[in-house]
Amino acid sequence: MNGEHRYDLLILGGGMSYVGAIRAAQLGMKVGLIERDRLGGTCLNRGCIPSKALLESAGLYQRVREQGGEFGLTGTDGLGLDTAVLGQRRDAVVEKHVKGVEFLMKKNNVTVLQGHGVLTGPTSVRVSGGASGDLEASATDLILATGSAPRPLPGLDVDQERVIDSDEALRRDRIPGSVTIVGAGAIGVEWASLYHDLGAQVRLVEFLDRVVPLEDADVSKELHRLFRKRGIEVHVASTIDPGSLERTATGVRHTILANDGTARTDVESDWIMVAIGRRPVTENIGLEQLDGLRMERGYVLVDGHMRTDVPHLYAIGDIVPGYALAHVASHESVLAVETIAGLGPDAIRMDLMPRVTFSRPEIASVGLSEAEATAAGRAVKVGSFPFRALGKATIVGEVDGFAKFVADAQTGELLGAHIIGAHAGDLLAEPTFARLVEGTVEEIAMSVHPHPTLTEVLAEAALAVDGAALHV
């Protein structure tokens, strides 16, 4: 052992928690950050960043092939695809930002302890097997941030050859001729978009009765329609029969079963991809020896300030209940640090957290869906407006989708915003801020939106809540 290393704050896991490490350093704390792999965690190395780099390439490839002639581009019929270069760009984007995080740690005097960390107490850790050597570290406070891994599907053996998960998909520099994707949440529909745009035949299988089942029902319906229009085969209220799997020399045969038993589809795909979400990584880090720590289904339970029931022990990110999103983890890490520092930050509210799915078209939402608001006993009024009525949407050639607002029927307060269409994630910033300040749809409509821009869809949707949309 290299002796004991003492800090004001230890963070176990170097994913989006690095943001909290920076904030702690700004507040004068001596910070140690423990990471067994590379800084940036799932998002930077195996999630958000590499997958979105591939999606950007796929979207550009698709647009040039399908719309190049309309924009005056010639020779697009012979457009090729170099998957090796596509993979090189993905890796270069990741590498740039990993080095950026490393630089930020050095700039802010955060000590990075590279190795596998196991708790020896609520605020002490044994680090081993990494570049930092074997050592003991302790602190006044500790934040757990050990992230997530792909969630397995019971009965379906993920061999990372013919049956793969999203981590394995990101490692591959080739496109399947055909693929069956199990799970139509954010991960599944993003990969369905990517593979289809790069030329694969895609089958999408969802156990629940609609795609992106956590989104507003109108958004689910629109994405289902657009996927089928593009030629993506969609099976909802269905599953794969694990007993039907038969590996062949070129792929894997399997049966897609309707949940009610009324339909059976026998198919063969090059790959099956399991994309049913991610599970918290809370095993093999010493949690079992902490008295008083509450857990549920593998998640660490915390209060609104990310405190566990164990004094001086906090938890953030994918290992706590809530949205398993990078920006949520970043916010939670800063919230935990500012709580430790005694700054009295507001408790986290998941209804203020924005959510984006980077499929084509993009999906973005914040707050309550129409059904959720109604179930909560709120009297609501809703309004929506289509992108195809906007001059800018016609100019950029992306006219599918709409923006939908859910508002309180009496006060007009914005309860939820749901966008499906081009640049939905960017457009979500305005309604997310409106939710924070308890803004109304009338206030959104009163704000002048520049023309011609896609932001006009928000003004028109706000007007549509009271039946006053102008361009319909």
Side-chain angles (χ1 to χ4, degrees), residues 7-60 85-117 127 130-132 143-149 166-167 169-171 173 187 190 194 278 281 316-319 323-338 353-356 358 362 423 425-426 428-429:
Y7 301 90
D8 298 314
L9 174 66
L10 272 176
I11 302 177
L12 182 54
M16 299 312 295
S17 60
Y18 81 82
V19 179
I22 294 172
R23 182 62 179 138
Q26 290 175 343
L27 294 171
M29 298 182 198
K30 181 182 179 183
V31 185
L33 183 68
I34 303 166
E35 173 54 50
R36 67 183 179 187
D37 192 1
R38 300 212 304 171
L39 293 177
T42 295
C43 174
L44 183 45
N45 293 286
R46 298 175 299 281
C48 323
I49 300 302
S51 66
K52 276 52 176 182
L54 293 176
L55 280 159
E56 192 69 22
S57 295
L60 178 61
V85 174
L86 187 149
Q88 290 166 12
R89 180 177 187 272
R90 170 205 61 208
D91 295 344
V93 169
V94 170
E95 192 65 26
K96 173 185 176 181
H97 289 279
V98 169
K99 289 186 179 301
V101 175
E102 292 173 349
F103 168 76
L104 288 171
M105 296 300 95
K106 291 177 181 177
K107 177 184 176 182
N108 290 277
N109 296 314
V110 174
T111 300
V112 177
L113 304 173
Q114 204 276 323
H116 177 66
V127 182
S132 296
I143 298 175
L144 298 171
T146 46
S148 63
S166 57
D167 282 3
L170 279 171
R171 289 190 283 264
D173 288 339
I187 298 172
E190 286 183 1
L194 189 154
R278 299 183 68 85
V281 174
I316 65 100
D318 293 359
I319 66 169
Y323 295 124
L325 301 170
H327 51 275
V328 174
S330 296
H331 177 79
E332 289 171 342
S333 68
V334 172
L335 174 59
V337 165
E338 293 187 347
M353 297 296 111
R355 311 174 299 275
V356 185
F358 293 87
E362 282 187 12
H423 301 283
D426 298 322
L428 190 65

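Residues take their numbers from the sequence shown, with the count starting at 1.
At least one side-chain heavy atom of Ile143 sits less than 4.5 Å from a side-chain heavy atom of Val337. Contact of the Arg23 side chain with the Leu27 side chain is registered, since non-hydrogen atoms from C-beta on lie closer than 4.5 Å. Between Lys52 and Glu190, the closest side-chain pair of non-hydrogen atoms falls below 4.5 Å. Residues Arg278 and Asp167 form a side-chain contact, since some pair of their non-hydrogen atoms from C-beta on lies under 4.5 Å apart. Two residues are said to be in side-chain contact when any heavy atoms from C-beta on lie closer than 4.5 Å; Glu35 and Val101 fail this criterion.
Summarising the geometry, atom CD1 belonging to Ile319 is positioned 4.0 Å from atom OG1 belonging to Thr146; distances are rounded to the nearest 0.5 Å. The distance from the CD atom of Glu56 to the CG atom of Leu194 is 11.0 Å, given to the nearest 0.5 Å. For the atom pair CD (Gln114) and CZ (Arg36), the distance works out to 11.0 Å, reported to the nearest 0.5 Å. Within the model, atoms CD1 of Ile34 and CD1 of Ile11 stand 9.5 Å from one another, a figure rounded to the nearest 0.5 Å. We find the CG-CG distance between Leu10 and Leu12 to be 8.5 Å, quoted to the nearest 0.5 Å. Remark: Leu54 CG to Leu170 CG distance equals 6.5 Å, nearest 0.5 Å.
Residues Asp8 and Lys30 approach most closely at OD2-N, 2.7 Å, considering heavy atoms. Closest heavy-atom contact between Leu33 and Gly13: CD1-O, 3.6 Å. Considering all non-hydrogen atoms of both residues, Gly147 and Asp318 come closest at C-CB, 3.8 Å. Pairing each heavy atom of Ser132 with each of Val112, the nearest pair is OG-O, 3.8 Å. When all heavy atoms of Val31 and Ala24 are compared, the closest pair comes out as CG2-CB, 3.6 Å. The two residues Leu104 and Tyr18 come nearest to each other via the heavy atoms CD1-CE1, 4.3 Å.
Residue pairs satisfying the side chain to side chain donor-acceptor pair (under 3.5 Å) criterion with at least one member in residues 325-336, sequence neighbours excluded, are absent.
Applying the side-chain hydrogen bond (donor to acceptor under 3.5 Å, both in side chains) criterion to Asp173, with sequence neighbours excluded, gives Arg90. Residues satisfying the side chain to side chain contact (heavy atoms under 4.5 Å, CB included) test with Leu60, not counting sequence neighbours, are Val64.
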* Working for side chain to side chain contact (heavy atoms under 4.5 Å, CB included), residues Leu44 and Leu39 -> CA-CA 8 Å; Leu44 183 45; Leu39 293 177; over 6 Å; no
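Between Glu95 and Lys99 there is a salt bridge, since a side-chain N of the basic residue sits under 4.0 Å from a carboxylate O of the acidic one.
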